[in-house]
Amino acid sequence: TKSFDSVIGVDFSARRLQIAFSLRERGFAQYSVVNELGEREARQIKTSDYPWSASREKAFFYQSFPSNLHAHLEGFDLIVAWNVLERAYSPRDVPAHLVERLNKGGIIIFAYHCGWESISEYSAEKSLATVNAKGERTAAAAVRTLMNGLCEEVAIDKQYRNMSTVIPETVRTGKFVNFELLAFRKK
């Protein structure tokens, strides 16, 4: 929020936005996590622990679908679509709709779990079977096919193209996940 006039977060689920709303409005949020025994443990997060705390009023949150965003969500210089295609009911519709919301010269970054399974596992549209040059079904090949003709691909430095993170599953355990980034600039 320090570098932009405003930051807008959009998610399919209102439940996932509750913590974001609380952080923006009150400066803290309470939530729970599951421990190894399957029991819930209370947690709290405070914006004062982060450098963006003073600018949190610049963040806004909306519940919406990526292929049918609210009309006022437009004119973006940057869109980061994290796990959007994997979760979309109709992933074929998402890229064109998001590109319409970009300013000319704006950039859209798709971030998704590595491997084709991430798209085909969650998507209701199983027909999005895209094959790369080696004959492998991959998420990157799917994104490139969907973006074909909409935008030009922007090279991402190799160290940022393939990254890893841990998605927490319990208080002390998590799932190690590889993800890829692809970026495109609106012509």
Side-chain angles (χ1 to χ4, degrees), residues 1-66 69-70 72-88 94-95 97-99 101-103 105-114 118 122 139 143 154-186:
T1 53
K2 282 183 169 182
S3 301
F4 296 95
D5 293 334
S6 66
V7 174
I8 297 174
V10 178
D11 199 280
F12 298 95
S13 165
R15 180 177 63 89
R16 298 206 185 270
L17 294 173
Q18 288 174 341
I19 291 175
F21 280 120
S22 181
L23 288 170
R24 182 185 192 277
E25 298 300 319
R26 297 183 293 195
F28 71 93
Q30 296 175 329
Y31 62 99
S32 66
V33 292
V34 177
N35 65 22
E36 289 79 13
L37 301 173
E39 302 165 335
R40 292 234 164 241
E41 289 186 19
R43 295 279 193 259
Q44 181 170 303
I45 183 173
K46 294 184 268 183
T47 59
S48 60
D49 294 338
Y50 299 93
W52 46 262
S53 180
S55 59
R56 71 178 197 259
E57 306 82 32
K58 294 181 179 182
F60 302 92
F61 305 98
Y62 301 95
Q63 180 184 6
S64 192
F65 293 95
L69 292 176
H70 301 292
H72 70 280
L73 297 175
E74 63 181 359
F76 294 107
D77 294 319
L78 173 66
I79 294 176
V80 178
W82 187 278
N83 287 348
V84 170
L85 295 177
E86 294 91 327
R87 308 285 186 206
V94 172
H97 186 73
L98 293 180
V99 169
R101 305 311 177 109
L102 279 174
N103 290 327
I107 294 177
I108 184 168
I109 298 174
F110 286 95
Y112 48 85
H113 297 154
C114 293
S118 62
Y122 298 109
V143 171
V154 176
I156 295 178
D157 191 285
K158 189 174 184 174
Q159 73 184 43
Y160 300 113
R161 225 180 355 235
N162 297 300
M163 302 178 82
S164 301
T165 190
V166 175
I167 298 175
E169 292 183 331
T170 69
V171 175
R172 292 179 184 82
T173 65
K175 181 169 71 172
F176 186 74
V177 177
N178 293 318
F179 63 93
E180 296 179 73
L181 300 175
L182 282 179
F184 300 87
R185 183 181 311 276
K186 186 173 181 177

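Just so it is clear, the structure is predicted and the values come from calculations on it, not from any experiment. Residues take their numbers from the sequence shown, with the count starting at 1.
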Drop me the distance from [X]'s [atom1] to [Y]'s [atom2], to the nearest 0.5 angstrom.
X      : Y      : atom1 : atom2 : answer
Trp82  : Leu181 : CH2   : CG    : 6.5 Å
Thr165 : Lys175 : OG1   : NZ    : 11.5 Å
Arg24  : Leu17  : CZ    : CG    : 13.0 Å
Arg43  : Tyr31  : CZ    : OH    : 6.5 Å
Phe61  : Ile8   : CZ    : CD1   : 10.0 Å
Ile45  : Gln30  : CD1   : CD    : 12.0 Å

Donor-acceptor pair, [X] side chain versus [Y] backbone, under 3.5 Å?
X      : Y     : answer
Thr47  : Gly27 : yes
His70  : Ser64 : no
Lys186 : Val99 : yes
Gln63  : Asp11 : no
Ser53  : Tyr50 : no
Arg101 : Ile79 : no

| side-chain contact (heavy atoms from CB on, under 4.5 Å) evaluation trace for Ile108 with Phe76 | CA-CA 9 Å; Ile108 184 168; Phe76 294 107; over 6 Å; no

Search all heavy atoms of [X] against all heavy atoms of [Y] and return the closest pair with its distance.
X      : Y      : answer
Phe4   : Val7   : CB-CG2, 4.2 Å
Leu102 : Ile107 : CD2-O, 3.6 Å
Phe28  : Ser22  : O-OG, 2.5 Å
His97  : Pro66  : CD2-O, 3.1 Å

| field | Min side-chain heavy-atom separation Leu98-Leu69 under 4.5 Å | value | yes

